[in-house]
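This one's a predicted model, so the numbers in the text were calculated from it and none came from an experiment. Reckoned from all heavy atoms, side chains included, excluding hydrogens, waters and symmetry mates.
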Amino acid sequence: MALAPSTAIEVDMAGETSATTVRVTIVQASTVFYNTPATLDKAEGLIADAATNGAQLVVFPEAFVGGYPRNSNFGVTIASRSAKDKEHFQKYHASAIAVPGPEVDRLAAMAEKHKIFLVMGVIEKEAYTLYCTVLFFDPQGQYLGKHRKLMPTAIERIIWGFGDGSTIPVYETPLGKIGSLICWENRMPLLRTALYAKGVEIYCAPTADDSDVWQASMKHIAVEGGCFVLSANQFCRRKDYPPPPDYVFAGVDNEPLPESVACAGGSVIISPSGVVLAGPNFDGEALISAELDLGEIVRAKFGFDVVGHYSRPDVLSLIVRDHSMKPVFFTSAEKKADNEQKLP
């Protein structure tokens with residue numbers, strides 16, 4: 001599908017929505033590691049199943065396309081990179097996708113075929129740098145845009161670049177206002193506040209964290225933001241990754257058995273009042289669905305609206321630098337663009 005502007009609009013402030021009840025589905029499943037075409041095939045089957053069960057919005061985990069390199073350290077030590085570790089990164093880079101690109105076109109076609117809004121976690125490559133990214137699509141097969149993870153966690157910073165303020169969108173759709181933060185950047189209170197200020201109502205939180213603490217964070221965010229929180233995680237076993245020596249699990253005493261659980265999932269859907277509507281699921285790959293009553297957002301914010309009546313801008317305020325941060329700026333290109341705009 002061709003990439004084109006969509007009827008979904010990025011918004012800055014809260015407002016009314018045209019839907020009252022929305023059926024959403026979280027996909028809890030594993031990447032086919034080092035095999036992006038097979039991962040896309042798997043995604044299409046899962047989307048079809050979700051759509052058959054009435055899903056209007058389908059949310060996938062962090063790094064579903066491209067893979068989350070769990071227990072991999074790429075041999076990183078200070079001032080040293082071995083040839084083998086560089087080859088490991090090269091294979092991981094090859095699994096990532098360009099945005100826009102053919103894989104994005106295919107995802108857009110899936111959304112159109114099954115008439116769903118789609119939120120997909122991918123590993124994006126721009127030239128030789130990788131980003132942990134979420135892509136957004138609408139039921140007309142339009143690619144809406146993306147969010148790049150602003151702050152990779154711990155050793156993730158060795159393999160992924162940093163997003164900037166230009167990709168923190170919230171899209172106004174017939175289902176409500178949809179936005180996303182990825183994994184532990186959900187712990188960044190100022191970043192969450194930026195989404196709240198844009199009026200997010202369906203807050204998507206793709207993750208790789210299957211801990212109990214993560215569940216507490218998701219419940220807190222739902223109540224804090226007065227929004228529905230949809231957290232999607234992979235469920236994967238050691239066998240879902242290539243066997244050694246092609247892929248080695250670092251940081252463990254012994255190489256795990258093929259059936260050992262590498263990530264237990266825990267995908268969950270939570271209401272603005274903090275009620276768990278579906279999940280958390282720790283049992284295996286699954287589709288986790290719920291009906292969202294959007295009227296609950298208004299009822300929750302009657303008592304607490306973090307960027308509305310419960311804010312104190314006279315004491316506390318936030319500045320968001322939402323422009324792209326380019327490492328190289330060509331003044332000639334800017335002058336040419338200005339001159340073209342002045343032509344009659």
Side-chain angles (χ1 to χ4, degrees), residues 1-4 6 8 22-68 92 94-125 132-147 171 173 175 178 180 182 202 204-208 230-237 239-242 263 265 267 269 278-279 281 284-290:
M1 302 298 297
L3 304 185
S6 170
V22 177
R23 183 166 179 82
V24 300
T25 296
I26 290 173
V27 173
Q28 179 167 286
S30 174
T31 302
V32 185
F33 211 84
Y34 286 156
N35 192 333
T36 296
T39 298
L40 291 172
D41 289 343
K42 183 174 183 177
E44 185 158 20
L46 292 164
I47 289 169
D49 290 344
T52 298
N53 289 308
Q56 297 166 277
L57 167 66
V58 180
V59 181
F60 277 76
E62 177 181 12
F64 184 80
V65 177
Y68 186 82
Y92 188 56
S95 297
I97 66 172
V99 181
E103 295 85 2
V104 177
D105 293 345
R106 186 175 176 192
L107 290 167
M110 294 179 200
E112 181 181 31
K113 178 180 179 180
H114 298 287
K115 305 302 178 188
I116 54 113
F117 283 91
L118 175 62
V119 177
M120 175 63 73
V122 306
I123 299 303
E124 175 193 1
K125 58 184 170 186
C132 185
T133 300
V134 167
L135 306 181
F136 301 84
F137 302 88
D138 74 9
Q140 287 73 49
Q142 307 290 346
Y143 162 66
L144 304 179
K146 67 187 177 185
H147 165 60
Y171 295 103
T173 80
L175 307 185
I178 301 172
S180 179
I182 306 168
I202 302 176
C204 303
T207 189
L230 284 57
S231 177
N233 194 7
Q234 296 194 33
F235 182 95
C236 53
R237 300 182 185 277
K239 67 181 181 181
D240 293 316
Y241 289 81
C263 181
S267 300
I269 302 172
N281 184 305
E285 294 197 341
L287 298 179
I288 299 147
S289 300

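In plain terms, the two heavy atoms of Gly265 and Gln28 that are nearest each other are CA-OE1, 3.4 Å. Between Ser231 and Ile26 the shortest heavy-atom distance is O-CD1, 3.4 Å. Here the shortest heavy-atom pairing between Ala96 and Lys125 reads O-CE, 3.2 Å. Heavy atoms only, all atoms of each residue included: Pro61 and Pro206 are closest at C-CB, 3.7 Å. Heavy-atom minimum distance, Leu175 versus Val22: O-CG2, 3.4 Å. Nearest heavy atoms, Leu230 versus Val59: CD2-CG2, 3.9 Å.
Looking only at distances, no side-chain donor or acceptor of Glu62 sits under 3.5 Å from a matching main-chain atom of Ile182. Glu103 places no side-chain N or O within 3.5 Å of a backbone atom of Ala98 that could act as its donor or acceptor partner. Between the Tyr92 side chain and the Gly67 main chain, a donor and an acceptor come within less than 3.5 Å of each other. With hydrogens and angles ignored, the 3.5 Å screen pairs a side-chain donor or acceptor of Ser267 with a backbone N or O of Asn233. Counting only distance, with no hydrogens or angles, the side chain of Asp49 and the backbone of Leu46 share no donor-acceptor pair below 3.5 Å. Listed for the Gln234 side chain is no donor-acceptor partner under 3.5 Å among the backbone atoms of Cys263. The backbone N or O of Val65 lies less than 3.5 Å from no partner atom in the side chain of Thr39, so there is not a single donor-acceptor pair.
Taken to the nearest 0.5 Å, the CZ atom of Phe64 stands 8.5 Å off from the CG atom of Leu40. Between the OG1 atom of Thr173 and the CG atom of Asp138 there is a distance of 9.0 Å, given to the nearest 0.5 Å. For the atom pair Asp240 CG and Thr31 OG1, the distance stands at 8.5 Å (nearest 0.5 Å). In this structure, the separation between OG on Ser95 and CG on Asn35 is 8.0 Å, given to the nearest 0.5 Å. With values rounded to the nearest 0.5 angstrom, Phe117 atom CZ is found 5.5 Å from Ile178 atom CD1.
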Mind running side-chain contact (heavy atoms from CB on, under 4.5 Å) on Val104 and Ile97 for me, showing each step along the way? CA-CA 8 Å; Val104 177; Ile97 66 172; 4.3 Å; yes
So His147 and Phe136, side-chain contact (heavy atoms from CB on, under 4.5 Å) or not? Walk me through it.
CA-CA 9 Å; His147 165 60; Phe136 301 84; 4.3 Å; yes
Under the criterion side-chain contact (heavy atoms from CB on, under 4.5 Å), I'd like the reasoning laid out for Val122 against Phe60: C-alpha separation, chi angles, the key distance, then a yes or no. CA-CA 9 Å; Val122 306; Phe60 277 76; over 6 Å; no
| said: Checking Phe235 against Asn281 for the side-chain contact (heavy atoms from CB on, under 4.5 Å) test, could you report, in this order, the C-alpha distance in whole Å, the side-chain angles of both residues, the deciding distance, and whether it holds? | reply: CA-CA 9 Å; Phe235 182 95; Asn281 184 305; 5.9 Å; no
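When each of Ile116, Thr25, Val119 is paired with Leu57, the side chain to side chain contact (heavy atoms under 4.5 Å, CB included) condition holds for Val119 and for no other.
Contact annotation: the side chain of Ile123 never approaches that of Thr133 to less than 4.5 Å [non-hydrogen atoms, C-beta and beyond]. Two residues are said to be in side-chain contact when any heavy atoms from C-beta on lie closer than 4.5 Å; Cys204 and Val134 fail this criterion. Residues Leu135 and Glu124 fail the side-chain proximity criterion, which asks for heavy atoms closer than 4.5 Å.
Within the structure, the salt bridge (Lys or Arg N to Asp or Glu O under 4.0 Å) test picks out the following pairs touching residues 31-42 (sequence neighbours left out): Asp41-Arg106, Lys42-Glu285.
In this structure, Phe33 and Tyr241 have tilted ring planes: the angle between them lies in the 30° to 60° band.
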